[in-house]
Trainee: 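Sending over a structure as structure tokens; questions will come in a sec.
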Amino acid sequence: KALGIVLIVASVVLSSLISGTIAAIFVDRRMKEGKGLRDVHLVGHRVVLGWNRDASRLLAGLETASRADRAPVVLVNMLEPEAFEALGASFPGLELRFVRGDFTQETTLRKAAIAAAASAVILPDETGGATLSNADERVILAAFALKAIKADLNVSAQIRHAESEQHLRRAHVDEIVLEGELSSFLLAAGASEPGVPRAVRSLLSWGGPRIRQVPFPAALRGKSYADASAWFLREGKGCLVGVLSREKRVSFDDLLSDDSSAIDAFIKRKFREA
């Protein structure tokens, strides 16, 4: 009887200790995640560096886009934990994660699992006491840090000054958006060509028909633009507004390779351009 009592008491105490320890671990993990202190362990996610007045509209667009692929979004900035918790309630369709820190530092970027990310967006930052006076410099530093970790990462960056674009080109940033660039175009178009701003807004909005990028069908290679446009309309694929061609950059490995086809193609292309 004494041994049975001891076993019963010991089992109750042991189960309480185990359950309490497990609960404490989960609570601590949740608190650290909310404060942006934990490393992110994701693959194929999107990363947003910095925060400003355009960030909420960016998340709204990502929320609409994520309905198809459900890619998680990791925010890297100096927001307060309470502000991040409010974002989770504002965008329930997004799986949001948070890393609090300086996004120009590689240590912070590695906590956001940049090496496994699918894409990254850099915004001029206004958090943590940062000002917009040197925001472009921080965007440039972040771009170089991202490409140093993952050279083929798809990076888009917003800048406030046009002269900063040349530095981002050197960092091989894929897409560069100048703040207010489209505003002047829409205002001028509204004055000279009424109706154009509404059409552009419709194409660039997430709610209606918008511009999308799809792989070019192999059967249309070598055909004229008119034939390709007619095929897209006939097949119900949409209205073809342009063809985007991306060229592979010649790397140092290509120069050392026994296969000289990449170098020959590069030289021929430069001669044609000249």
Trainee: Kindly determine whether Lys147 and Val155 satisfy side-chain contact (heavy atoms from CB on, under 4.5 Å), including the steps that lead there.
Mentor: CA-CA 8 Å; Lys147 289 296 185 176; Val155 179; 4.0 Å; yes
Trainee: Kindly give the heavy-atom pair with the smallest separation between Ala157 and Leu168, and that separation in Å.
Mentor: CB-CD1, 3.9 Å
Trainee: Of all the heavy-atom pairs spanning Phe232 and Pro217, show the shortest one and how long it is.
Mentor: CZ-CD, 3.9 Å
Trainee: Are Phe91 and Phe98 linked, directly or through other ILVMFWY residues, by side chains that come within less than 4.5 angstrom of each other?
Mentor: yes
Trainee: So do the side chains of Gln158 and Val139 get within less than 4.5 Å of each other, counting heavy atoms only?
Mentor: no
Trainee: For a side-chain contact (heavy atoms from CB on, under 4.5 Å) check, start with the C-alpha distance between Asp102 and Arg138, then their side-chain angles and the critical distance, and finish with the verdict.
Mentor: CA-CA 10 Å; Asp102 184 357; Arg138 290 168 55 79; 3.6 Å; yes
Trainee: Is Leu42 reachable from Leu49 through a run of I, L, V, M, F, W or Y residues, each pair having side-chain heavy atoms under 4.5 Å apart?
Mentor: yes
Trainee: For Ala145 and Thr104, work out which heavy atoms get closest and say how close.
Mentor: CB-O, 4.0 Å
Trainee: Verify the cluster assignment for Val177 and Leu123: are they in a single hydrophobic cluster under the rule of side-chain heavy atoms below 4.5 Å apart?
Mentor: no
Trainee: What are the two closest non-hydrogen atoms of Asp136 and His161, and how far apart are they?
Mentor: OD2-N, 2.9 Å
Trainee: Any side-chain heavy-atom pair from Leu240 and Tyr225 closer than 4.5 angstrom?
Mentor: yes
Trainee: In terms of hydrophobic clustering (I, L, V, M, F, W, Y; side-chain heavy atoms under 4.5 Å; direct or indirect links), are Val241 and Val243 co-clustered?
Mentor: no
Trainee: Is there a side-chain contact (heavy atoms from CB on, under 4.5 Å) between Asp227 and Leu220? Walk through the geometry before answering.
Mentor: CA-CA 8 Å; Asp227 292 338; Leu220 295 179; 5.6 Å; no
Trainee: Would you check, one step at a time, whether the test side-chain contact (heavy atoms from CB on, under 4.5 Å) holds for Ile176 with Val173?
Mentor: CA-CA 7 Å; Ile176 302 172; Val173 171; 3.9 Å; yes
Trainee: Roughly how far, to the nearest 0.5 Å, is the CG atom of Leu146 from the CG atom of Leu141?
Mentor: 11.0 Å
Trainee: Taking Arg53 first and then Glu126, would you say they form a salt bridge - that is, a charged N and a carboxylate O separated by under 4.0 Å?
Mentor: no
Trainee: Closest heavy-atom contact between Ala148 and Glu106?
Mentor: CB-OE2, 3.8 Å
Trainee: Taking the side chain as C-beta and beyond, is there a heavy-atom pair between Phe185 and Val200 under 4.5 Å?
Mentor: yes
Trainee: Taking the side chain as everything from C-beta on, heavy atoms only, tell me whether Val73 gets closer than 4.5 Å to Glu95.
Mentor: no
Trainee: Is any side-chain heavy atom of Arg160 less than 4.5 Å from a side-chain heavy atom of Leu132?
Mentor: yes
Trainee: Is the shortest side-chain heavy-atom distance between Trp231 and Lys237 below 4.5 Å?
Mentor: yes
Trainee: Indicate, with yes or no, if Ile149 and Ile122 share a hydrophobic cluster defined by side-chain heavy-atom contacts under 4.5 Å among Ile, Leu, Val, Met, Phe, Trp and Tyr.
Mentor: yes
Trainee: Would a 4.5 Å heavy-atom cut-off, applied to side chains only, mark Pro124 and Glu179 as touching?
Mentor: no
Trainee: Specify the closest pair of heavy atoms between Ala117 and Val47, including all atoms of both residues, with the distance to one decimal.
Mentor: CB-CG2, 3.9 Å
Trainee: Would you say His45 and Arg97 make side-chain contact, with heavy atoms under 4.5 Å?
Mentor: no
